[in-house]
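We count ligands from 1, going down the list as the structure has it; atoms in each ligand are counted the same way.
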Amino acid sequence: MLEQLSQDIEKAFAEADELIAAAGNVDELRQAESRLTGKQGTLGALLAAIGKLPQEDRGPAGKEINLAKKEIIDRFATARARLERAADRQAAAGAPAFDPTLPGNVVPRGSVHPVTAVQWEVEEILARLGFIVATGPEMETDYYNFEALNIPALHPARDMQDTFWLTNGRLLRTHTSPCQVRAMERLGPPLRVIAPGRCFRYETEDASHANTFFQLEGLMIDRNISIANLIAVMKLILNEIFRRDVKVRLRPGFFPFVEPGFELDMSCEICGGAGCPTCKRSGWIEILPCGMVHPNVLRFGGIDPREYTGFAFGLGLTRLAMMKYGVQDIRGLNSGDLRAIIRPEQRTGPAIIAKD
Ligand code: DAH
């Protein structure tokens, strides 16, 4: 009886090899495989016939058939892999050849906002001079935004800054100067701090005014600090940012928290000083108001003005970014218009955003 089985198995192997040889693709191969190994297939019939064998033959017969089935499945798997490889080769032959000299796909690079870029740059320049960053809240109290800066209630200087008042009695800080007294309280003298941050003013927008803008406050307090120190630091910042000797002018300026106070202007980078909407046709841009810290402000900060002096400045970061990157209209910086964040190395002409 088992001899008969051996012959049947041999026949099954022969059938498998024949079908494999005849199969031209993976689908045909799959059909052929089920003709052999499926329930209704050749091997299935052999398994079904086991029941007719004498009791003692059934075990060995089952084993034989299953071994044969495994071997046949292996043969089909090998054949399938061979057909797949052949199909791949054929597909590759039809495809255009790979040319390694072609330029790759251009992946657009992200970039930081111009204001952030100049902020980081100024922070880095001043860090080299020993300044640390000390920020304050955007929602401020009347005390820090005005009172402690020598701007008492009802003082006309309050009108210099149109303020967004909040219903909780606080306000959106109109400048970064409130960080001055906060820093004095927190750190004590001597100190060198910068406070970059967002400021808010209730005003009509135009090419150079926005209701939301960025400043960077600077404060240096020590014994024997003079105007010479102030000017040296201001010049250093501008020269480093613009990587050349920048043309500046110093005018007296009134700010209640400094005495004396100055307006430091730089020649307009957009028009080269000829006059344009950005500089209100004056050829100059107010960029660095500054001065010697008023004794009253030192006192508010708990510092004895007989022992210490200091200078402060309020760098207009937004304006500085406009000058550095040639953005003509401040509204371009908040517009999401990607032409406003062109990188300096890509800059081909001065005009990026033009609105008059
Ligand atoms: N806080 C002033 C403003 O936004 C700018 C300013 C002027 C800041 C003079 C200073 C300073 O620190 O010394 O209008």
Q) Is there a side-chain contact between R201 and F213 (heavy atoms, below 4.5 Å)? A)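 SC-SC contact between R201 and F213 confirmed.
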For [X], counting its heavy atoms only, list the atoms of ligand 1 lying under 4.0 Å from any of them.
X: G314; value: 8 (C), 10 (C), 12 (O)
X: E217; value: 8 (C), 10 (C), 12 (O)
X: Q215; value: 3 (C), 4 (O)
X: G291; value: 13 (O)

Q) Can you find an N/O atom of A312 closer than 3.5 Å to an N/O atom of ligand 1? A)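 Looking only at distances, the answer is yes, because the N/O contact criterion of under 3.5 Å is met.
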Q) Touching ligand 1 at all, C290? Heavy atoms, strictly under 4.0 Å? A)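 True for this residue.
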Which bit of [X] is near ligand 1, meaning a heavy atom under 4.0 Å away: side chain, backbone, both or neither?
X: S177; result: side chain
X: F311; result: neither
X: F313; result: backbone
X: R201; result: side chain

(Q) Are there over 12 heavy-atom neighbours, none belonging to D304, within less than 6.0 Å of that residue's CG? (A)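 Atom CG in D304 is crowded, with more than 12 foreign heavy atoms closer than 6.0 Å.
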Q) Which word best sums up how the rings of H175 and F146 line up, parallel for under 30°, tilted for 30 to 60°, or perpendicular for over 60°? A)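 It falls in the tilted class, 30° to 60°.
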Q: Report the nearest protein non-hydrogen atom to atom 11 (C) of ligand 1: residue, atom name, distance rounded to 0.1 Å.
A: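 Its nearest protein heavy-atom neighbour is F257 CE1, 3.6 Å.
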Q | salt_bridge(D88, R85) N-O dist < 4.0 Å | A |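 Salt bridge between D88 and R85, a charged N being under 4.0 Å from a carboxylate O: no.
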Q) If only atom types and distance count, is the side chain of R192 paired as donor or acceptor with the main-chain N or O of L129 below 3.5 Å? A)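 Answer holds: yes.
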Q) Among side-chain atoms of Q7 and E3, is any donor-acceptor pair under 3.5 angstrom? A)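 Not at all, the side chains of Q7 and E3 share no donor-acceptor pair under 3.5 Å.
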**Q.** Test item: side-chain donor near acceptor, Q4 and D8, under 3.5 Å
**A.**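 Side-chain D/A pair, Q4 to D8: present.
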